[in-house]
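Notes for the one structure printed next.
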Amino acid sequence: MGDKKTADKKTPKGTAKLPRKAYERELLRLQTELVKLQEWVRSEGARLVVVFEGRDAAGKGGTIKRVTEHLNPRVARIAALPKPTERQRSQWYFQRYIEQLPAAGEIVLFDRSWYNRAGVEHVMGFCSMEEYQRFLRQCPIFERMLVEDGILLRKYWFSVSDAEQQDRFRRRLEDPLRRWKLSPMDLESITRWEAYSRAKDEMMVHTDIAEAPWYVVESDDKRRARVNMIAHLLDSVPYKEVPPPVLELPDRPASTGYERPPRDLQTYVPDHAATL
């Protein structure tokens, strides 16, 4: 019943939402391929950077969670930087993001990135017009340098409609588990919808370059957005399956007389599960 109800529901653009069973089946397949991608990155010493951008509540965070769910955090890490310190504000704008770039055999997922300057900072007046225009000039040069140095750079813009964003904000406001995701800055984005739209369009004009193009992910349907983005990422990287090392579980050696200390000498966590 749940799948049929979901399948019948339409997104604002008229596309049927992806049924849960189909979503979960395909997500598991894609996550298996992501593990293969991870092992290829590690064995080849590749460097992969994936940029996630889009409006508030566009589905970036949920997609990142699904990407990293089965990956090794020592190989694939998330860079979600807080607002810059006073010292960082005095540095070259890209400097603190450069510190997050991967070394050989690593994947870095930017949950928002240097594009903050072209979006939030510009629209909210957190940077000057001179700083904004300098960013638009320097960003393509910066990204070409990354690609020229061998970094695999992928940029995804998650596109959500105003109606769907409003609905997600409302659900966050009412859900104590997701209330932390909502900030006054998020709510202000509602009143600045067109300003953000113009900023995004201007950003695309300057930074949608051949060496590092933007890929737009329609995200009114979160399930569809997640599998579409992951499938595209996998298709865009020329990875190959790396044969895993041959491992054998050794026999457990015979006891040499070790005895476990009495339980009352240690402090155990209370059995909360027994009360359920």
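Keep in mind it's a predicted model, so treat the numbers as computed, not measured. Residues: numbered from 1 along the sequence shown.
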Are Q38 and Y239 close enough that a side-chain donor and a side-chain acceptor fall under 3.5 Å? no
Does a side chain donor of either D186 or S183 reach within less than 3.5 Å of an acceptor in the other side chain? yes
Partners passing ring-ring contact (aromatic ring centres under 6.0 Å, His included) against [X] (at least two apart in sequence or in another chain):
X: Y156; result: Y215, H232
X: F110; result: W114
X: W157; result: none

In terms of side-chain geometry, is the basic nitrogen of [X] or [Y] positioned less than 4.0 Å from the acidic oxygen of its partner?
X: K65; Y: E69; value: no
X: R192; Y: E188; value: yes
X: R168; Y: E164; value: yes
X: K155; Y: D208; value: no
X: E39; Y: R42; value: yes

Sub-3.5 Å donor-acceptor pair from the side chain of [X] to the main-chain atoms of [Y], do we have one?
X: E53; Y: F158; value: no
X: T68; Y: L71; value: no
X: D221; Y: L18; value: yes
X: R224; Y: Y23; value: no
X: R154; Y: S236; value: yes
X: Q138; Y: F135; value: no
X: S219; Y: K222; value: no
X: K60; Y: R55; value: yes
X: N228; Y: V217; value: no

Hydrophobic clustering (ILVMFWY, side-chain heavy atoms < 4.5 Å, transitive) - are V49 and I78 grouped together? no
Do L146 and V108 sit in one hydrophobic cluster, given that two such residues count as connected whenever their side-chain heavy atoms are within less than 4.5 Å of each other, even indirectly? yes
My understanding is that a hydrophobic cluster links ILVMFWY residues whose side chain heavy atoms are under 4.5 Å apart, including indirect links. Using that, what else belongs to the cluster containing V120? V123, M124, F126, M185, Y196
If the condition is side chain to side chain donor-acceptor pair (under 3.5 Å), which residues does [X] pass it with, not counting sequence neighbours?
X: R172; value: none
X: R66; value: none
X: R144; value: E211
X: D175; value: R178

Can you tell me if CE on M204 sees more than 12 non-hydrogen neighbours from other groups inside 6.0 Å? yes
In terms of heavy-atom contacts, does CD of E194 have more than 12 from other residues, nucleotides or ligands at under 6.0 Å? no
Nearest heavy-atom neighbours spanning [X] and [Y]:
X: C139; Y: F94; result: CA-CZ, 3.8 Å
X: R137; Y: P140; result: O-CD, 3.5 Å
X: A57; Y: V160; result: O-CG2, 4.4 Å
X: V50; Y: L233; result: CG2-CD1, 4.1 Å

Can you name the salt bridge (charged side-chain N to carboxylate O under 4.0 Å, His left out) partners of R25, sequence neighbours left out? none
Can you list the steps and then say if R47 with D149 is a salt bridge (Lys or Arg N to Asp or Glu O under 4.0 Å)? CA-CA 10 Å; R47 293 170 293 165; D149 201 60; 3.1 Å; yes
Distance (rounded to the nearest 0.5 Å) between [X] [atom1] and [Y] [atom2]:
X: L187; Y: D56; atom1: CG; atom2: CG; answer: 9.0 Å
X: L182; Y: L173; atom1: CG; atom2: CG; answer: 6.0 Å
X: L37; Y: L30; atom1: CG; atom2: CG; answer: 11.5 Å
X: L48; Y: I107; atom1: CG; atom2: CD1; answer: 5.0 Å
X: Q88; Y: R96; atom1: CD; atom2: CZ; answer: 5.0 Å
X: Q31; Y: L234; atom1: CD; atom2: CG; answer: 10.5 Å

Applying side-chain contact (heavy atoms from CB on, under 4.5 Å), name anything that partners W180, two or more places apart in sequence or on another chain. none
Steps toward salt bridge (Lys or Arg N to Asp or Glu O under 4.0 Å) verdict (D201, R198): CA-CA 5 Å; D201 293 343; R198 294 188 185 96; over 6 Å; no
Inter- and intrachain pairs under side chain to side chain donor-acceptor pair (under 3.5 Å), touching residues 97-106, at least two apart: R77-Q100
Would you list the atom pairs, donor with acceptor, under 3.5 Å between side chains in residues 246-263 and any protein atom, with sequence neighbours excluded?
from : atom 1 : to   : atom 2 : distance (Å)
S255 : OG     : G257 : N      : 3.1
R260 : NH2    : Y268 : OH     : 3.3

